[in-house]
**Q** 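Mind looking over this structure? Questions follow.
In what follows, chains carry the letters A, B, and so on, assigned in the order in which the sequence lines appear, proteins first and then strands, with residues in each chain numbered from 1.
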Amino acid sequence: MAIPITYNIRNLAVRKTTTVMTALGIALTVAVLLAAFSLVEGLKTAFEGSGHPLNVLVTRKGSDSELSSNFQRSVFNDMKFKQGIAKDKKGDPLASLEMVTVITLASEEFPEGTNVNVRGVTPTGIEIRDDSKIVEGRWFTPGRREVTVGSSVAKRYPAAHLGGKLKFGRGEWDVVGVFDTPQMARKSEILTDLNQAAGDFERTEVLSSALIRATDEVARQALVNDLSYDSKLNVQAKTEKEYYAMQTSSGDLVKYLGTFVAFIMAVGSCFAAMNTMYAAVARRSKEIGTLRILGFSRVAIMTSFLAESLMLATLGGILGILLVVPLNWVSTGIGSNVTFSEVTFQLRVSPQIMLRGLVFALFMGAIGGLLPAFSAARKQILVALRQI
Amino acid sequence: MRYLPLIVKNCLRNSRRSVLTIISLAISLCLLGVMMALYYALFLGAPAKSQARRLVTRNKVSIVFQMPIYYRNQIRNVKGVEEVAIWQWYGGVYKDSRDQRNFFPRIGVEADKLFKVYGEYSIPEDQKKAFIQDPASCVVGKALANRFGFKVGDKILIKGDIFPFDLDLTIRGIYSSSETSDETLWFNFKYLENALRNSSRLAAGTFTMLANDPAEVPRIAREIDALFANAPTPTHTESEFAFGVSFLSFLGNIKVILMSICGAVTFTILLISANTMAMSVRERVREVGVLKTLGFQQSTILGMILGESAVIALIGGAFGLAIAQLLCIGIRQGPAIVDQTKTLTLQPPVVALLLGIAMVIGMASAVVPAWNAARTNIIDALRFTD
């Protein structure tokens with residue numbers, strides 16, 4: 001027969017200081033692990049939610065990033081009439097020639113400045129970004145030194161507020177508007193007129209990339225293949241989704257660091273849990289003897305102590321999860337390994353991540369509780385009863 | 001001091017618990033040690049000796065933009081600048097860019113200047129000469145050579161992405177460095193000069209300077225930036241050390257990450273230690289009653305319990321330091337994310353701080369239980385059953 005679980009609950013409640021302290025130790029360990037995971041998850045969500053399913057991004061062959069791509073204007077003119085490209089209301093192809101570069105802007109987090117994407121686009125470029133909506137001000141006017149910034153940019157960099165001036169290229173640019181989009185990665189960009197920007201950076205012929213909209217999914221795949229294998233064009237095409245998904249690995253270092261730290265902390269926490277459980281066993285020596293006399297088997301006693309350790313760990317796990325839940329409202333920036341510029345994103349503690357934290361805690365509880373439970377089960381009845 | 005034997009005896013009364021506590025403290029403290037060593041190396045420490053004299057100039061707007069080659073001559077004339085070398089980041093793709101292992105820096109550099117500016121590089125004299133003489137050559141770091149099995153004389157092809165041409169290079173030498181990263185491929189800048197002849201793209205990515213005195217570095221940086229303040233391409237100059245750290249901010253807010261880890265670890269240690277002390281004092285209340293009956297002062301009892309906790313914490317701290325140093329040595333062998341990890345070690349201030357933290361945590365965690373025990377009156381203490 002098994003020892004009722006309420007016995008363990010009461011035991012944990014009686015030694016509440018010890019219980020809480022051990023559980024807190026486990027909680028902090030879980031929190032460190034989950035914090036790292038939430039960062040990676042947030043990054044993943046930001047990038048996976050970015051990109052239109054029908055968009056194809058074209059760069060020069062060999063360039064995995066728009067920044068390192070040198071895309072000729074003439075190549076763009078050769079490809080924009082390919083089959084399968086959607087048309088706008090006027091009947092022109094929805095293909096946007098773009099120039100990407102970065103500038104340094106100071107944020108509160110990094111006063112010395114980080115890289116921010118600046119993208120020169122034509123009116124087609126705004127049309128193709130049909131989910132980008134103006135929330136403040138207006139779009140830039142082609143031919144003027146004006147920029148419209150993404151909502152994350154406006155929030156994160158003090159210089160980039162509406163009505164402010166940014167200094168890059170050959171002079172100052174007016175911030176005339178703020179746009180918002182559900183796509184996290186695009187919110188971290190500054191949009192401006194292609195020709196103005198290209199002129200400033202002396203890149204009138206050599207730009208960065210083309211973004212094209214396919215009519216449907218079949219046409220998209222055909223376009224990707226067609227463009228990539230056209231040896232005359234010498235370009236490579238990817239779906240926009242793929243391009244963004246690639247950037248999730250930017251958080252790898254933080255993930256490895258967090259996992260490494262959490263693992264070492266877990267070893268320490270295991271020993272601490274072991275300590276607590278050994279103390280529990282020692283203090284309840286007489287009780288264990290009594291239980292054995294009452295007819296509970298060694299297995300029942302071992303299970304009971306192991307269960308108690310697991311309950312302690314669960315408590316720690318839940319506390320740890322509660323500690324990281326507020327991270328859901330934290331947003332931070334990280335340098336993308338592809339665009340070489342900062343992407344702002346929100347940390348995210350998803351249910352899967354919480355579950356992982358709980359499993360991690362249970363694992364610590366199991367390892368920490370096993371030996372003490374074993375020693376409790378092995379106690380001789382008479383010796384146990386005689387102990388004070 | 002005369003109670004030291006008694007304190008030690010008390011530590012040993014439940015040796016399993018003491019050992020478990022010491023292990024868990026040691027592990028947490030070793031982690032704290034490594035994190036603090038990293039923090040110290042990145043944000044507080046002095047650069048390695050070779051690095052202390054170097055500065056880097058980049059385009060003020062962003063490192064992505066270039067500077068005219070002729071800036072070199074003007075920089076060379078700044079007082080205190082011993083040597084200037086042009087750097088150009090080539091980027092490119094080696095084999096297959098999808099495998100992260102194939103990534104390493106490929107930088108074009110003026111071959112004759114490289115080993116003057118990077119005085120800590122060691123390379124056989126004949127390899128150095130061969131590199132300088134052959135415009136289509138490169139030298140690779142020892143770590144990089146080990147990773148790919150490169151040998152002197154090997155050919156290496158890197159496909160261009162930023163630049164519209166490929167690099168077809170011969171490895172003329174293998175250098176090693178104990179202080180800075182040796183995972184860079186340096187190729188002869190003449191290759192770029194030949195490939196980009198008459199092109200506006202022939203420019204300098206950064207300039208790396210060697211100052212004649214580390215103390216002159218801030219002044220030189222100011223003077224260089226003043227030179228180009230009103231030019232079409234203004235510059236930003238900083239010590240190479242700061243330049244390297246600024247790259248780290250790219251990986252996320254490292255400062256905050258390290259600090260929060262340190263905070264979490266410290267708090268965990270405090271919990272572990274406080275928990276153990278509370279347990280060990282609780283089972284000893286009756287003993288305290290006996291000691292009091294024998295005439296021990298309250299303060300002595302308090303001191304003994306605090307001392308016991310401090311001893312355990314210090315032993316844990318000492319073990320932790322030893323493991324942390326081992327981990328640091330391990331990190332030094334690993335790939336260098338920044339130069340600083342190549343010489344990562346527990347600096348004396350970090351050691352002192354760690355032992356201090358261990359000691360304080362030991363004492364702090366024992367204060368409440370010790371105070372309670374010392375205060376209990378004799379009768380209650382003697383009557384106490386746990």
**Q** Side chain to side chain contact (heavy atoms under 4.5 Å, CB included) between B/V256 and A/T332: does it pass, once the steps are laid out?
**A** CA-CA 11 Å; B/V256 170; A/T332 183; over 6 Å; no
**Q** Given heavy-atom pairs under 4.5 angstrom as the criterion, report whether the side chain, backbone, both or neither of A/L67 touches chain B.
**A**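 The side chain, not the backbone.
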**Q** More than 12 foreign heavy atoms under 6.0 Å from CG of B/D96: is that the case here?
**A**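 More than 12 heavy atoms, drawn from other residues, nucleotides or ligands, come within 6.0 Å of this atom.
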**Q** Is it the backbone or the side chain of A/L257 that comes under 4.5 Å from a heavy atom of chain B, or both, or neither?
**A**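 When you check distances to chain B, only side chain atoms of A/L257 fall under 4.5 Å.
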**Q** Just checking A/F374: does its CZ atom have more than 12 heavy atoms from other residues, nucleotides or ligands closer to it than 6.0 angstrom?
**A**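 Counting other residues, nucleotides and ligands, CZ of A/F374 stays at 12 neighbours or fewer.
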**Q** Please state whether the side chain, the backbone, both or neither of A/V261 comes within less than 4.5 Å of a heavy atom of chain B.
**A**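 Both backbone and side chain.
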**Q** Could you tell me the separation between the CD1 atom of B/I261 and the CZ atom of A/F260, rounded to the nearest 0.5 Å?
**A**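 Here the rounded value is 9.5 Å.
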**Q** Just give me the residue among B/V19, B/T21, B/L270 that pairs up with chain A most often, heavy atom to heavy atom, under 4.5 Å.
**A**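 Between B/V19, B/T21, B/L270, the count favours B/T21.
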**Q** Counting only heavy atoms from other residues, nucleotides and ligands, does the tally under 6.0 Å from CZ of B/F104 exceed 12?
**A**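 Yes, the 6.0 Å shell around CZ holds more than 12 heavy atoms from other groups.
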**Q** Do other residues, nucleotides or ligands put more than 12 heavy atoms under 6.0 Å from A/K238 NZ?
**A**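 Result for NZ/A/K238: enclosed.
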**Q** Is the number of heavy atoms from other residues, nucleotides or ligands within 6.0 Å of CZ (B/F165) greater than 12?
**A**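 Result for CZ/B/F165: enclosed.
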**Q** Looking only at heavy atoms, what is the nearest atom pair of A/G268 and B/I27, with distance?
**A**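 Result for this residue pair: N-CG2, 3.9 Å.
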**Q** Quick one: CE on B/M279 to OG1 on A/T276, what's the gap to the nearest 0.5 Å?
**A**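 Separation between the atoms: 4.5 Å.
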**Q** Using non-hydrogen atoms only, which part of B/V93 is less than 4.5 Å away from chain A: side chain, backbone, both, or neither?
**A**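 Contact with chain A is through the side chain of B/V93 alone.
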**Q** Yes or no on side chain to side chain contact (heavy atoms under 4.5 Å, CB included) for A/T18 and B/R282, after CA distance, side-chain angles and deciding distance?
**A** CA-CA 11 Å; A/T18 314; B/R282 210 181 303 119; 3.5 Å; yes
**Q** Taking everything shown except A/K167 itself, do over 12 heavy atoms lie less than 6.0 Å from its NZ?
**A**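 Atom NZ in A/K167 is not crowded, with 12 or fewer foreign heavy atoms closer than 6.0 Å.
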**Q** Which answer fits A/S336, side chain, backbone, both or neither, if we ask what part of it has an atom under 4.5 Å from a heavy atom of chain B?
**A**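 For A/S336, the contact with chain B is made by the backbone alone.
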**Q** Find the distance between CE (A/M277) and CG (B/L20) and round it off to the nearest 0.5 Å.
**A**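 Nearest 0.5 Å value for the CE-CG distance: 13.0 Å.
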**Q** At a 4.5 Å cut-off on heavy atoms, which part of A/S249 comes close to chain B: side chain, backbone, both, or neither?
**A**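 For A/S249, the side chain is the part near chain B, not the backbone.
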**Q** Around B/W371, counting heavy atoms of other residues, nucleotides and ligands shown, do more than 12 lie under 6.0 Å from its CH2?
**A**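 No - once you tally the heavy atoms of other residues, nucleotides and ligands closer than 6.0 Å, there are 12 at most.
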**Q** If every non-hydrogen atom of B/I272 is compared with every non-hydrogen atom of A/A272, which pair is closest and at what distance?
**A**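 Between these two residues, the closest heavy atoms are CG1-CB, 3.8 Å.
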**Q** Which atoms of A/V102 come close to chain B, meaning under 4.5 Å heavy atom to heavy atom: side chain ones, backbone ones, both, or neither?
**A**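 Looking at A/V102, backbone and side chain both touch chain B.
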**Q** Looking at every non-hydrogen atom in both residues, tell me the closest pair between A/R60 and B/G160 and how far apart they are.
**A**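 Scanning both residues, the minimum pair turns out to be NH2-O, 2.9 Å.
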**Q** Looking only at heavy atoms and a cut-off of under 4.5 Å, which of A/D252, A/T114, A/T17, A/N115 has the most pairs with chain B?
**A**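 Top option by heavy-atom pairs under 4.5 Å: A/N115.
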**Q** Minimum heavy-atom separation for A/N70 to B/I162, with atom names?
**A**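 Nearest heavy atoms, A/N70 then B/I162: ND2-O, 2.5 Å.
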**Q** Is B/F267 close to chain A through its backbone or its side chain, or both, or neither, when contacts mean heavy atoms under 4.5 Å?
**A**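 For B/F267, backbone and side chain are both near chain A.
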**Q** Between A/N275 and B/R17, what is the shortest heavy-atom contact and its length?
**A**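 Looks like OD1-CG, 3.1 Å.
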**Q** What distance separates A/I264 CD1 from B/L32 CG, expressed to the nearest 0.5 Å?
**A**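 With rounding to 0.5 Å, CD1 (A/I264) is 11.5 Å from CG (B/L32).
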**Q** Provide the closest heavy-atom pair for A/S269 versus B/T268 in the form atom of the first, atom of the second, distance.
**A**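 Minimum heavy-atom contact is OG-CG2, 4.4 Å.
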